[in-house]
There are 2 protein chains.
Amino acid sequence: MVKQHELSQHMISEQAASDTSCGCPHGGLKGLLDKSLARIGLSKSEQKKVDREEELVDLAVSILNEEGFAGLSLEKLTAQSRYSKGTIYNHFSSKEDCLSALCIRAVSSILTLFKRALQFEGSSREKAVAVHYSYQLYARLQPTLFMAVLSSKAPGVREKTSTERTQLMDALELEINTFSDQMFRDAIDDGSLVLSEHLSIETLSFSNWAMSFGTNALATSATEAKAVNRLDPNTLLLQNISILMDGMNWQPLSKDWDYRKTWQRVEKEIFADDIQLIE
Amino acid sequence: MVKQHELSQHMISEQAASDTSCGCPHGGLKGLLDKSLARIGLSKSEQKKVDREEELVDLAVSILNEEGFAGLSLEKLTAQSRYSKGTIYNHFSSKEDCLSALCIRAVSSILTLFKRALQFEGSSREKAVAVHYSYQLYARLQPTLFMAVLSSKAPGVREKTSTERTQLMDALELEINTFSDQMFRDAIDDGSLVLSEHLSIETLSFSNWAMSFGTNALATSATEAKAVNRLDPNTLLLQNISILMDGMNWQPLSKDWDYRKTWQRVEKEIFADDIQLIE
DNA sequence: GCTCATTATGACGATTCGTCAAAAATGACG
DNA sequence: CGTCATTTTTGACGAATCGTCATAATGAGC
């Protein structure tokens with residue numbers, strides 16, 4: 001009668017709760033969100049709600065991974081959770097709102113990966129290469145979530161997303177932008193990059209992002225007939241950003257430095273654990 | 001009783017039939033598809049079916065433009081057409097199949113624009129700039145369709161698409177790839193581009209595509225917080241591909257040639273009619 | 001134990017999906 | 001023109017999902 005008392009439901013939800021394939025490496029996102037909310041000061045019931053939302057997003061991610069984008073429905077989320085429809089709709093005002101929640105998790109995870117990549121020891125251009133590596137890593141580990149971030153930008157989705165979540169999403173995007181801009185500022189500061197007349201930091205930062213996103217998006221959605229399949233997926237992104245950074249005249253140029261070694265070093269020194277998940 | 005005899009239905013469908021905002025410039029697609037099928041030899045009834053499919057895709061595009069991606073349903077398509085559900089499902093085996101049909105139209109239109117762009121008088125790099133211009137033009141004229149092409153690559157969509165349509169889609173993509181590759185071959189032939197050791201034509205062709213796609217996709221789905229809004233949308237793509245082509249060492253380099261003038265010339269000499277539709 | 005505000009529940013109507021048996025249209029032949 | 005076989009069209013149907021809302025359960029404070 002009461003759903004929480006059904007044994008089978010409990011088993012399902014516990015299985016889901018222990019499923020850690022949430023695209024959230026090293027629990028970084030959970031810590032991030034918990035902290036940011038904890039600072040404000042949470043009552044017991046509020047904390048309970050935060051925990052449950054965490055649990056529901058976990059579950060939604062697992063549905064997304066198994067059933068794909070179109071297969072995600074709040075109906076299924078309800079059925080697989082230990083809660084009822086009304087409770088689900090207390091958390092997500094609509095299917096689109098739920099999708100936005102998934103994107104917030106995705107972008108948070110990506111940001112965490114970016115910061116880890118930045119710890120790579122090397123020149124500013126090598127660090128940028130490391131960041132691109134981490135972006136590609138996420139696109140491969142979580143292809144559906146990676147693409148979901150884009151679809152959540154569609155007007156129809158954004159309209160149906162709660163204002164708080166929209167603001168959180170915008171804040172995260174701003175943080176990513178700031179992060180990207182800072183990479184270029186560092187490069188200018190250490191002298192390896194010089195701004196030419198018509199190119200601002202914002203322009204370089206955006207072109208850098210556009211190339212990485214475009215490459216990963218096309219590689220993720222590759223089909224039989226696509227040009228991607230003619231090329232080596234492992235160094236696809238590296239080659240593309242190498243051409244771009246050479247175009248920026250970012251020192252050392254690719255003719256003077258073997259960035260394939262950098263690429264491999266990043267893989268071994270920073271993301272050795274994560275790369276095993278692909279095999 | 002019989003739907004074809006309802007006056008109101010007739011009026012709706014006739015309005016739709018006269019709606020030419022189909023993203024198909026100069027009727028190029030219709031000609032293309034008609035021809036390819038006509039060669040095989042069409043009976044009267046087969047021709048009728050082709051015409052009706054044309055009509056239905058027109059209608060689907062208008063629904064997509066008005067209601068957005070999520071608002072497109074075969075239910076609505078049925079209601080707004082003069083046919084019934086069974087007939088609709090004779091044309092499109094599923095909603096996803098219909099989406100793929102829209103993508104085929106989109107890619108056909110883009111290919112038509114590419115070929116027009118190639119008529120621009122100038123160096124091989126200038127011609128490539130013209131092609132990018134036409135790509136951006138389509139992304140702006142048909143943002144939803146532009147993004148739809150990507151989502152039609154999702155596994156869930158592809159599975160539910162009829163095999164014939166999948167093959168047609170793959171053939172079109174191959175044609176686009178071939179077109180892109182040819183641009184680079186021409187550049188090599190006229191001496192303005194030299195292949196370095198590690199970079200193949202395929203690599204250059206793909207990086208060129210990835211940059212253009214990434215830029216247009218991010219610009220199309222731009223939100224308030226995005227980095228895109230800090231920049232001039234009219235020259236965003238030009239700047240990005242200029243950096244990239246400089247990185248390829250494609251002559252003349254942007255420091256030796258004012259491609260903003262090329263950009264403006266393309267706008268005036270090739271796409272003057274189309275650009276007015278944006279305003 | 002009682003009261004009342006908050007939260008959870010699941011039944012409900014609406015919409016969409018895709019199917020299929022029956023009806024209608026087509027056209028070949030006498 | 002009439003007959004009949006084949007093809008096409010129709011819309012009713014069951015299943016799935018959406019989002020709402022009246023009712024039931026919960027729990028905090030007295």
Side-chain angles (χ1 to χ4, degrees), chain A residues 1-6 8-10 13 42-53 55-56 59-60 63-64 66-101 156-157 159-162 165, chain B residues 1-6 8-10 13 42-53 55-56 59-60 63-64 67-101 156-157 159-162:
Chain A
M1 200 170 298
V2 175
K3 206 170 178 186
Q4 294 185 359
H5 297 161
E6 290 180 17
S8 64
Q9 292 291 347
H10 262 295
S13 65
L42 283 180
S43 74
K44 211 171 187 178
S45 68
E46 282 166 331
Q47 182 58 48
K48 202 174 163 187
K49 191 165 184 179
V50 169
D51 289 344
R52 188 168 51 195
E53 184 136 332
E55 175 190 340
L56 288 176
L59 188 53
I63 293 175
L64 197 71
E66 284 171 25
E67 313 237 16
F69 184 74
L72 177 66
S73 72
L74 292 194
E75 208 79 27
K76 268 181 204 156
L77 187 61
T78 298
Q80 295 192 24
S81 79
R82 48 179 170 167
Y83 310 104
S84 69
K85 188 170 262 185
T87 303
I88 301 294
Y89 273 87
N90 272 348
H91 284 276
F92 310 117
S93 64
S94 66
K95 182 185 175 178
E96 287 77 13
D97 193 39
C98 179
L99 180 65
S100 293
V157 177
E159 287 165 7
K160 292 183 181 175
T161 298
S162 66
R165 235 184 278 278
Chain B
M1 200 167 298
V2 175
K3 206 170 179 186
Q4 294 185 358
H5 296 160
E6 290 179 17
S8 63
Q9 293 291 346
H10 261 295
S13 65
L42 283 181
S43 73
K44 212 172 189 177
S45 68
E46 281 166 331
Q47 182 58 49
K48 201 175 164 187
K49 191 166 185 178
V50 169
D51 289 344
R52 188 169 49 194
E53 184 136 331
E55 175 189 340
L56 288 176
L59 188 52
I63 293 175
L64 198 71
E67 312 237 17
F69 184 74
L72 178 65
S73 72
L74 293 192
E75 208 79 26
K76 268 181 203 155
L77 187 63
T78 298
Q80 294 193 24
S81 78
R82 46 179 170 169
Y83 310 104
S84 69
K85 188 169 262 185
T87 302
I88 301 294
Y89 274 86
N90 272 348
H91 284 275
F92 309 116
S93 64
S94 66
K95 182 186 175 179
E96 287 77 14
D97 193 40
C98 178
L99 180 64
S100 294
V157 176
E159 287 164 6
K160 293 184 180 173
T161 299
S162 67

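Because only heavy atoms are used, hydrogens play no part in the values below, and waters and symmetry mates are left out as well, while side chains stay in. Letters go in sequence order (proteins before strands), and every chain restarts at 1. Note that this is a predicted model, so its numbers are computed, not measured.
To the nearest 0.5 Å, atoms NZ (B:Lys85) and CG (B:Leu77) are separated by 11.0 Å. Here the NZ atom belonging to A:Lys95 is positioned 12.5 Å from the OG1 atom belonging to A:Thr161, to the nearest 0.5 angstrom.
Within the 4.0 angstrom heavy-atom criterion, base atoms lie near B:Thr87. If you check every strand for non-hydrogen atoms under 4.0 Å, B:Asn90 touches a base. Counting any heavy atom pair closer than 4.0 Å across all strands shown, B:Ser93 reaches no nucleic acid atom.
Around atom NZ of B:Lys160, no more than 12 heavy atoms belonging to other residues, nucleotides or ligands sit under 6.0 Å away.
For the pair B:Glu96 CD and C:dC17 P, the computed distance is 9 Å after rounding to whole Å. For the pair B:Lys85 NZ and D:dT10 P, the computed distance is 13 Å after rounding to whole Å. Put simply, NZ on A:Lys95 is 15 Å from P on D:dT20, counting in whole angstrom units. Rounded to an integer number of Å, the gap from CD1 of B:Ile63 to P of C:dT15 is 15 Å. Between the P atom of D:dT8 and the NZ atom of B:Lys49 lies a distance of 7 Å, rounded to the nearest Å. Taking atom OH on A:Tyr89 and atom C1' on C:dA11, their separation rounds to 14 Å, with Å as the unit. In this structure, A:Leu74 atom CG and C:dT9 atom C1' are separated by 16 Å, rounded to whole Å. Distance B:Leu77 CG to C:dT16 C1': 13 Å, rounded to the nearest Å.
Taking only side-chain atoms of A:Ser73, from C-beta outward, the nucleotide of C:dT16, D:dC18, D:dG11 with the closest atom is D:dC18. Taking every side-chain heavy atom of B:Ser94 into account, C:dG18 is the closest of D:dG11, C:dG18, C:dT16. Ranking D:dT10, C:dA8, D:dC18 by closeness to the A:Ser84 side chain, first place goes to C:dA8.
B:Arg52 has its side chain within reach of B:Tyr83: a pair of non-hydrogen atoms, C-beta onward, lies under 4.5 Å apart.
Residue A:Arg52 has a polar side-chain atom (N or O) positioned under 4.0 Å from OP1 or OP2 of C:dA8.
When the nearest nucleotides of DNA chain D are assigned to A:Gly86 and A:Gly71 by heavy-atom distance, the more 5′-ward of the two goes with A:Gly71.
Ion pairing between A:Arg82 and A:Glu55 holds under the 4.0 Å rule for side-chain N and carboxylate O.
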